[in-house]
Amino acid sequence: MPGIYVHIPFCVAKCGYCDFHSIIADEEIVGIYINACFKELEYWAHELSNIKFDTLFIGGGTPTVLSQRQLAGLLEQIFTKFTFVDSPECSIESNPKTLDYKKVKVLKDSGINRVSLGAQAFQNNLLEGMGRVHNVAAIYESVDFLQRVGIDNYNLDLMYGLPQQLQLDWEDSLAQALKLEPTHLSCYSLIVEEDTPFFQAQQQGMLHLPDEEDELSMFTHTHEYLKAQGFHHYEISNFARPDKESRHNTLYWLNQSYLGIGSGAHGFWGNVRYANTLDIKKYIDDWSHCKPTWDLRERITADQLMDETMMVGLRLLTGVNKANFSKRFGHALEDIYGTQLRDLTARELIEEVDGFIRLTQAGLYLGNLVFSAFIR
Amino acid sequence: MQQQNIRNFCIIAHIDHGKSTLADRILENTGTITKRDMTEQVLDSMDLEKERGITIKLQAVRLAYTAQDGQEYILNLIDTPGHVDFSYEVSRSLAACEGAILVIDASQGIEAQTLANLYLALEHDLEIIPVINKIDLPSADPERVRKDLEESVGLDASEAVLASAKSGVGIDAILEAIVKKVPAPKGSPDAPLQALIFDSHYDSYRGAVAYVRVIEGQLRVGDRIQMMSSKRSFEVTELGIFRPAMLAVKSLGPGEVGCVIASMKDVKDTRVGDTITHASKPAEKALAGYRPAKPMVYCGLYPVVNEEYTELRDALDKLQLNDAALTYEAESSIALGFGYRCGFLGLLHMEIVQERLEREFGLDLITTAPSVVYRIALTDGTTMQIENPADFPPVQTILSIAEPFVKAVIMVPEFYVGTVMELCQDKRGTFANMEYITTERTRIEYLMPLGEIIMDFFDRLKSKTKGYASLDYEVSEYQESDMVKLDILLNNHPVDALSCIVHRDKAAIRGRGLAEKLKAVIPRHQFEVPIQAAIGQKVIARETVKALRKDVLAKCYGGDISRKRKLLDKQKEGKKRMKNLGNVEVPQQAFMAILEVE
């Protein structure tokens with residue numbers, strides 16, 4: 001079943017590693033932006049009046065820089081304009097220091113039942129080095145709001161491979177995170193993207209990242225430790241308590257349809273992938289005339305769809321279900337990817353288990369070799 | 001047009017002495033091309049020529065000029081290449097002329113190629129018109145150049161024209177000198193036809209187009225012609241002259257220059273150097289005076305994608321028509337599959353052919369390390385010639401190996417003499433001679449292995465002398481050398497396309513350098529990749545490409561699957577351009593790495 005993604009491209013500050021689409025929030029622009037989103041929501045609602053959605057994800061940026069009133073307004077629009085299943089998953093992304101008790105209460109009362117919190121690390125020196133606006137205390141504070149309001153389904157985002165980060169720091173971050181009893185953990189390795197302050201620092205030799213072996217052992221420790229603590233490692237970077245896997249993200253990995261609302265949002269609907277304009281001002285102008293602009297709009301061919309289904313599906317540790325594949329595409333997986341399957345199996349990067357094609361332990365470390373093999 | 005009013009001439013010069021600019025100016029002054037239409041250096045029509053600032057292909061243009069004596073003249077300008085690799089093409093165009101403008105840079109003075117081209121022109125009995133160019137540069141010293149011309153070259157330089165092609169100074173004087181000094185072509189319109197093919201190219205609509213200079217007789221549209229070497233005959237459908245765009249004409253008489261179109265389908269029908277005559281009334285013998293092109297440097301050219309093999313063959317077929325000096329024959333490599341062993345005049349020629357194949361024909365190529373032709377005496381008393389390291393015989397069957405040596409002439413300011421000699425010694429050169437031509441120009445002569453020159457000699461010579469040195473070389477003789485075959489093993493598998501033949505004294509250095517270079521360009525794999533350089537069974541250098549430990553995109557942001565796909569696509573694209581050898585993905589640069597090893 002499809003989902004809805006809404007992008008809020010505003011933050012309190014830009015972090016050193018971030019290449020996501022966001023700017024520093026300005027109250028006036030935020031207000032106008034939300035109104036433009038309403039127009040876009042209205043447009044789609046009109047088109048898709050008889051569709052039931054399974055998930056909602058409000059991401060960013062930092063959606064919780066919005067005021068209580070703005071958040072309540074946005075959620076009200078979404079829930080009145082679209083139909084959802086009986087118990088939908090409705091997530092919002094947030095960062096410590098942008099939440100308070102009242103705001104969390106408003107979120108819960110407006111229908112939000114899952115929060116993804118950008119904790120990133122539990123060492124103040126590392127947080128500062130990343131350019132985060134919060135400290136460790138703020139993480140605890142935010143989680144406390146969630147617990148007090150009664151949102152008990154929450155994810156913590158954590159990062160490893162950070163500048164100056166030691167193996168010990170990472171182990172400590174994981175342990176402290178678990179004390180906060182999250183239902184879900186996303187553990188991302190730092191990727192230095194172009195056009196970020198980190199990239200510039202790296203060019204000048206000023207970025208001191210852990211060496212390859214250290215990063216590797218952080219990766220390995222994550223899997224072992226979280227598994228031992230009863231978490232289900234269900235996607236390369238994601239871990240969940242039983243039945244608490246992110247339904248919205250799983251939808252991406254199963255290559256299902258989703259609407260993307262807001263500037264820079266990506267969507268996949270009716271076999272068309274699209275990306276709304278990154279230009280916030282243009283997005284606002286466009287929707288004031290109800291005339292959307294896309295940075296990308298491509299119809300996905302049957303072959304591409306199969307490729308992408310493999311590419312994203314293999315990120316899930318259960319792998320790609322062969323029966324589902326042939327049901328969806330009318331071809332057996334082996335008929336389409338015989339060569340790739342043989343080659344990657346011989347290289348011990350993938351394996352077949354109970355009708356699923358999945359990454360092996362080695363494949364988990366070298367996923368790109370596997371994914372790219374399926375792009376024809 | 002009266003035959004005595006025709007002048008055929010070419011321009012010869014050292015590279016960068018302003019030949020192309022002078023040609024432009026002459027076209028402009030004679031109104032052949034208006035200033036408005038003038039793109040810079042119109043004769044260099046290939047993109048590659050403009051980018052590199054060199055002339056590769058010769059072209060002919062007809063100019064109309066009213067001289068000071070009031071008469072109309074036809075001047076045929078035949079462009080010639082200037083680089084040392086292309087002396088064969090120079091000699092072809094010289095054979096179509098009666099005179100040559102010798103351009104010398106007023107500040108640089110006489111260079112190695114100035115002399116080489118001048119001697120070629122004198123061999124063809126051409127009237128030489130010296131032009132001292134770039135006289136408006138602050139560093140210009142025309143009087144010194146004039147003195148050098150007389151003293152060291154023995155040319156009468158008293159009437160040398162002082163010019164600046166860039167600002168148009170002296171162009172009229174040059175045109176007058178052509179009319180006055182260059183003799184009119186001889187030849188009778190009634191004699192049996194002899195027309196010299198000095199160039200040809202392939203046109204997809206018209207077939208093979210031959211550029212000719214009529215020496216004797218008259219060539220008309222509708223004539224039945226015969227190629228004197230192949231005896232094949234054709235009917236002339238079109239004749240043209242260039243001004244510089246093609247203009248159809250009815251006939252070409254003695255001394256005239258133009259092109260012949262005769263629905264020649266096969267590229268081999270217009271062999272450069274051949275003589276065209278009439279089928280009904282053939283000339284007694286073909287024209288002489290062509291030096292056959294002898295390839296000096298060989299390398300393998302392979303399509304990255306094996307399926308492009310036939311496209312490569314077609315492209316080489318077509319290129320050969322435009323480039324008489326290129327030779328090729330099919331070969332196969334265990335590492336690279338099917339390809340062609342190609343022969344070139346020199347390293348620049350090789351690079352240009354490779355670039356033209358990639359650019360004009362859209363091919364993706366792998367080039368193997370260049371090699372010269374070795375002569376190997378075997379213990380059974382026979383001799384073999386090899387230009388491919390893969391053909392290197394077993395060591396125990398080898399009696400001796402000889403390699404081609406060249407007489408290298410280097411002109412350089414005195415200040416750099418020591419540096420140049422050091423470089424030549426390092427490249428196994430033997431000192432032959434040294435002359436102080438002027439206080440600023442020293443002529444150094446070394447006997448050197450061609451195999452060393454084709455690697456990186458010219459580049460290093462240029463960089464070590466801040467660009468002041470100039471080089472010319474001619475093949476002199478074969479000499480015995482202690483050569484060995486250096487093999488490269490990737491992941492314990494020998495890669496035939498990476499083998500090379502080197503002097504024993506240089507094997508260790510080359511082997512180490514090569515292994516290091518390969519380590520830098522071979523991407524990390526799922527497993528460790530050992531790189532070894534070996535002579536026979538003996539490993540002389542080893543490097544290791546560490547195994548790839550982790551390579552996985554961490555996140556999936558907001559469902560941006562297109563971006564993820566593009567990232568992986570890019571990775572894959574890069575991989576496509578690699579060759580899989582013994583389970584190792586080897587990028588194209590690896591095969592050229594050997595060239596970059598000092």
Side-chain angles (χ1 to χ4, degrees), chain A residues 3 5 7 19-21 57 59-60 159 161 186-191 212-213 215-216 219 235-238 248-249 251-253 255 258 260 264-268 273-275 296 298 300 304 307-308 311-312 315 347-349 359 362-376, chain B residues 304-308 335 337 364 490-493 519-530 543-588:
Chain A
Y5 175 82
H7 192 76
D19 75 327
F20 285 0
H21 176 45
F57 195 103
M159 289 179 83
S186 294
C187 301
Y188 297 119
S189 68
L190 173 73
I191 290 173
E212 194 184 0
E213 290 303 317
E215 203 217 286
L216 204 65
F219 188 55
E235 194 264 356
I236 289 171
S237 309
N238 287 285
H248 186 81
N249 283 331
L251 172 161
Y252 296 147
W253 296 317
N255 210 12
Y258 53 96
H266 287 251
F268 179 47
R273 285 203 191 286
Y274 67 88
L296 169 117
E298 63 173 337
I300 302 298
Q304 274 179 317
D307 291 0
E308 290 177 352
M311 175 183 93
V312 292
R315 296 187 65 88
R347 289 161 70 188
E348 296 179 1
L349 292 170
L359 296 176
L364 189 60
Y365 287 80
L366 300 171
N368 288 351
L369 299 184
V370 177
F371 309 147
S372 61
F374 287 98
I375 309 237
R376 287 173 292 173
Chain B
V304 173
V305 188
N306 283 326
E307 290 73 40
E308 282 183 0
D364 252 344
L490 290 183
N491 202 21
N492 303 313
H493 295 283
K519 183 187 176 182
V521 298
I522 291 177
R524 293 169 67 182
H525 285 65
Q526 204 184 329
F527 45 85
E528 188 179 279
V529 179
E543 293 283 345
T544 306
V545 181
K546 283 203 291 179
L548 184 63
R549 302 294 298 278
K550 177 169 175 263
D551 178 19
V552 59
L553 291 175
K555 59 195 171 192
C556 181
Y557 144 66
D560 187 352
I561 287 168
S562 310
R563 168 166 149 175
K564 199 181 295 279
R565 185 193 177 102
K566 270 179 205 129
L567 268 169
L568 294 171
D569 244 352
K570 217 164 125 191
Q571 226 175 20
K572 181 135 181 163
E573 243 352 89
K575 231 173 155 176
K576 253 196 218 150
R577 292 178 63 94
M578 296 191 197
K579 279 279 175 183
N580 189 304
L581 309 178
N583 270 335
V584 181
E585 304 279 350
V586 183
Q588 279 165 289

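In what follows, every chain begins at residue 1, and chains take the letters A, B, ... in the order their sequences are listed. Because the structure is a prediction, the values reported are computed rather than measured.
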Toward chain B, the part of [X] with a non-hydrogen atom under 4.5 Å:
| X | value |
| --- | --- |
| Leu364(A) | backbone |
| Phe57(A) | neither |
| Asn238(A) | neither |
| Glu213(A) | side chain |

What one should report as the nearest heavy-atom pair of Tyr258(A) and His266(A) is CE1-O, 3.2 Å
Ion pair present between Glu215(A) and Lys550(B), side-chain N to carboxylate O less than 4.0 angstrom?
yes
Electrostatic pair Arg315(A)-Glu235(A), nearest N-O below 4.0 angstrom: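 A salt bridge is present here (some side-chain N lies under 4.0 Å from a carboxylate O).
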Most contact-rich option vs chain B, by heavy-atom pairs under 4.5 angstrom, among Ile236(A), Ile191(A), Leu349(A), Ile300(A), is Leu349(A)
Report task. Name all residues meeting the ring pair (Phe, Tyr, Trp, His ring centres under 6.0 Å) criterion together with Phe268(A); count only those two or more places apart in sequence or in a different chain, and write none if there are none. Result ->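 Here no residue qualifies.
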Q. Can you name the residues that form a side chain to side chain contact (heavy atoms under 4.5 Å, CB included) with Glu348(A), not counting sequence neighbours?
A.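 Scan of Glu348(A) (side chain to side chain contact (heavy atoms under 4.5 Å, CB included), adjacent residues dropped) gives none.
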